[in-house]
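Letters go in sequence order (proteins before strands), and every chain restarts at 1.
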Amino acid sequence: MIKITLPDGAVKELPKGSTAMDVALSISEGLARNVISAKVNDKTVEVTTPITTDANVTLHTFNDADGKKAFWHSSAHILAQALEKLYPGIKLTIGPAIENGFYYDVDSGEHTIREEDFKKIEDKFLELAREKADFKLREVSKADALAKYKEEGNEYKVELIENLNDGEITFCDHSDFTDLCRGGHIPNTGIVKAIKVMNVAGAYWRADQEKAQLVRVYGISFPKQKMLTEYLELLEQAKQRDHRKLGKELELFTFSEKVGQGLPLWLPKGAMLRERLEAFLKKAQVQAGYLPVVTPHIGHKDLYVTSGHYEKYGADSFQPILTPHEGEEFLLKPMNCPHHCEIFKSSPKSYKDLPVRYAEFGTVYRYEQSGELHGLTRVRGFTQDDAHLFCRPDQVEDEFRKVIDIVFHVLNSLGFEDYTAQISLRDKEDRSKYIGSEENWEKAEQAIINAVEGKIENTVIEYGEAAFYGPKLDFMVKDALGRSWQLGTIQVDYNLPERFELEYKGSDNEMHRPVMIHRAPFGSLERFVAVLIEHCAGNFPLWLTPDQVAILPISEKYNENAQNILNSLNNYDIRGFVDDRNEKVGRKIRDAEVKKVPYMLIIGEKEVETNSLSVRKHGEGDLGTFTDKEFADIINKEIENNFNN
RNA sequence: GCCGAUGUAGCUCAGAGGUAGAGCACUUCCUUGGUAAGGAAGAGGUCACGGGUUCAAUUCCCGUCAUUGGCUCCA
């Protein structure tokens, strides 16, 4: 007998060689019906794997993350099987489970897999799933494994196996299909009842642009058809929040082919919203001791040669601007730091002057790859809410922490609770991507780790995500479709001060090198607004929204009264517009609701006679009658609440 | 940049080898209405751009540009 310890601490005694399924059966039949995967001593296994020693066992159903993973990973096997049958001769590579579903990368050879083939693939998948074939894991020697794939001519699998050790190689069989696989499957294919091929895309072998391009087929599967339908509905709803759609509908921004790819045009409502965001941050920065600076949109090429940016990005950037003067070259500003370094140098600094904090809403231009452009989240011209802090080494940690406070202030005031703080460090293997000494990097990375310590929970460390001149703390937020975007960023930099030979005089009367902190709480106004739109589905906080009030006269007779009311509300700093169209009030209400205007005031005979306001709230309906003053209080209270969350 | 998809009126979209259609928006008129779409008439398109095939192309083919789902990249 062996002792099986369950997550709740309960211990079961079962015969040696029992499986996770036996454990489930010993608990309840219902559980046994739903259990699809298990973890034995932290290793994901099949529910049919015999357990030979005392062990901690966790049972997984589709409702938990590990269960989904096993389910989708197994689905990837079935997908691969279906693809092999439909496209003979394709070569399989890898097929993992992902956050929502799974994919399989194949070298499709002569075949092209198109959207119109999806139905065919789904049908074949379901046909194979219905065979209820068991997933069976078996150990294979390295020699045998290599032999199989060499015979098939599958260089990808050969490469994978060559990097594995003999004795740890397993194949998974189901029906007539076999794949190299580490394990972690559901019992049989029949559990998968619904599948949707989501899309096909190109993907590079081993994520390397230089290597072969494979075809990646994305899919998602479920144990019930109804779950698939619900998932697709959810996706449809998420699309309604897309900032590109809402940005157009709410008249915030647009693009023009004539102006150029990735160069957003801010419309009046969008520009006003943006100005409010800027004012909000400027206020916080004044309080935090930042000093405003303004720098030009171009700079001498030498400036970027000095900073190292030219060497790193010069070839892939907007190319230099020439002048009538032979040999003179300017670059469109791709970042503000070099300019700010020169401002620091413009006068001698004492240790008493530090930290110096230069802030600028600086518009920069980067020639992003055309395939990368995406609405407002990835553009070629954008405005950073940039600042550079020049401080003494002993001030770095404290300054860094203060910057974190500003980032929190921004995220909290705008209702972002669901963000990830990512510490972006150097690539452990490839140090050639970075400039600067080992010692400085070590110091910079440690400074971030120390500053974050005890200040932010749930941070993740990502190696290889640092900037080329220093490590970063990035604040990541997801968009409506679950794609992750970097918003705020804070970076510690020992390198640019060296390249620009920045100095201050210390208390010891010697010259010392300051440390630089780059930071942008929004990241860029463009991306921030994009993510904010998706976050609030276009229902902006009241202080930020373009129009707070729509004033809706019942008939044209009251247009003038409505205009007077708007004027008096302006005196309370409330902004809005009068809908003086020749339409019924029902129509005006509908249009204001669609435009997501937070408050509507209906003005007719009654209101004019009693000098009152009938207030309707977006999404809620009629609130009743108020005086100007009372209404202004409602608005102001709501705005106050926006900042006190 | 790479692989796939898309491009028809201001917007959302339908359409067919014989030079285009709907709804909304817009203009004018009627209506002056009380909490999510009042009625009528009108105007609006080089069917992204450039080539090719064809008696004939917006439709089929090729290229370019843009958008888009991914990959790669992101100072």
Side-chain angles (χ1 to χ4, degrees), chain A residues 103 105 108 112-118 198-218 242 244-245 248-249 251 254-258 260-262 304 307-314 316-317 333-338 364 366-375 377-380 384 386 424 435 465-470 472 474 481 483 485-486 489 491 493 496 518 523-524 527 552-559 582-594 600-607 614-623:
Chain A
Y103 65 76
D105 280 352
S108 63
T112 321
I113 302 176
R114 293 173 215 279
E115 228 167 284
E116 60 196 48
D117 303 327
F118 288 4
M198 300 303 289
N199 59 56
V200 272
Y204 301 102
W205 171 236
R206 302 230 140 173
D208 185 344
Q209 215 170 50
E210 307 301 317
K211 297 201 165 123
Q213 178 141 24
L214 309 169
V215 176
R216 177 168 297 177
V217 181
Y218 284 89
D242 192 310
R244 292 166 296 191
K245 177 179 152 69
K248 199 178 278 180
E249 287 172 5
E251 301 168 69
T254 188
F255 289 89
S256 145
E257 275 191 37
K258 263 207 170 109
Q261 271 191 293
Y304 305 100
S307 70
H309 288 99
Y310 186 79
E311 191 195 342
K312 183 89 181 162
Y313 297 106
D316 303 317
S317 296
K333 174 164 81 174
M335 80 290 305
N336 304 298
C337 9
V364 297
R366 298 179 183 175
Y367 194 79
E368 305 289 4
Q369 296 183 40
S370 58
E372 270 317 318
L373 300 173
H374 182 99
T377 47
R378 196 78 184 272
V379 286
R380 285 180 172 168
Q384 294 178 312
D386 213 353
S424 302
I435 60 168
E465 293 293 315
F468 75 94
Y469 51 75
K472 314 188 281 177
D474 294 326
L481 290 173
R483 290 173 290 218
W485 296 97
Q486 175 206 310
T489 179
Q491 310 172 3
D493 180 6
L496 284 190
H518 309 241
S524 83
R527 182 177 292 176
L552 315 177
I554 295 280
S555 84
E556 288 178 310
K557 278 186 278 188
Y558 306 106
N559 280 355
N582 178 6
E583 293 289 351
K584 290 189 174 180
V585 72
R587 177 49 179 274
K588 294 182 184 183
I589 287 170
R590 182 188 145 76
D591 288 348
E593 290 279 354
V594 168
M600 286 149 270
L601 302 179
I602 287 88
I603 305 302
E605 190 182 357
K606 197 173 75 191
E607 290 76 13
S614 284
V615 180
R616 181 189 164 95
K617 189 165 188 188
H618 170 72
E620 289 180 25
D622 201 348
L623 294 188

What nucleotide among [options] has an atom nearest to a side-chain atom of [X]?
{"X": "A:His374", "options": "B:C74, B:G34, B:G69", "result": "B:G69"}
{"X": "A:Ile589", "options": "B:G4, B:G69, B:U35", "result": "B:U35"}
{"X": "A:Arg483", "options": "B:G1, B:G69, B:G34", "result": "B:G69"}
{"X": "A:Asn582", "options": "B:C74, B:U31, B:G70", "result": "B:U31"}
{"X": "A:Lys584", "options": "B:C74, B:A75, B:G38", "result": "B:G38"}
{"X": "A:Ser317", "options": "B:G70, B:G33, B:A75", "result": "B:A75"}

Within the 4.0 Å heavy-atom criterion, would you say [X] contacts the bases, only the backbone, or no part of the nucleic acid?
{"X": "A:Ser307", "answer": "nothing"}
{"X": "A:Gly619", "answer": "nothing"}
{"X": "A:Glu115", "answer": "sugar-phosphate"}
{"X": "A:Asp316", "answer": "nothing"}
{"X": "A:Glu593", "answer": "base"}
{"X": "A:Glu607", "answer": "base"}
{"X": "A:Lys248", "answer": "sugar-phosphate"}
{"X": "A:Gly371", "answer": "base"}
{"X": "A:Arg244", "answer": "sugar-phosphate"}
{"X": "A:Val215", "answer": "nothing"}
{"X": "A:Ala207", "answer": "sugar-phosphate"}
{"X": "A:Glu605", "answer": "base"}
{"X": "A:Gln261", "answer": "sugar-phosphate"}
{"X": "A:Lys472", "answer": "sugar-phosphate"}

For [N], give the paired nucleotide (Watson-Crick: N1-N3 plus N6-O4 or O6-N4; G-U: N1-O2 and O6-N3; both under 3.5 Å), or none.
{"N": "B:U68", "result": "B:G4"}
{"N": "B:U46", "result": "none"}
{"N": "B:U59", "result": "none"}

Requested in this report: Please evaluate the base of B:C73 for a donor-acceptor partner in the side chain of A:Arg378 within a cut-off of under 3.5 Å?
Outcome: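 It does, because a donor-acceptor pair links the side chain of A:Arg378 to the base of B:C73 below 3.5 Å.
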Query - Stacking check A:Tyr313 vs B:A75 (5.5 Å / 30 deg) - result: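 Answer is yes, a stack.
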Requested in this report: Figure out the CG/C1' separation between A:Leu481 and B:U68, and round it to whole Å.
Outcome: 12 Å
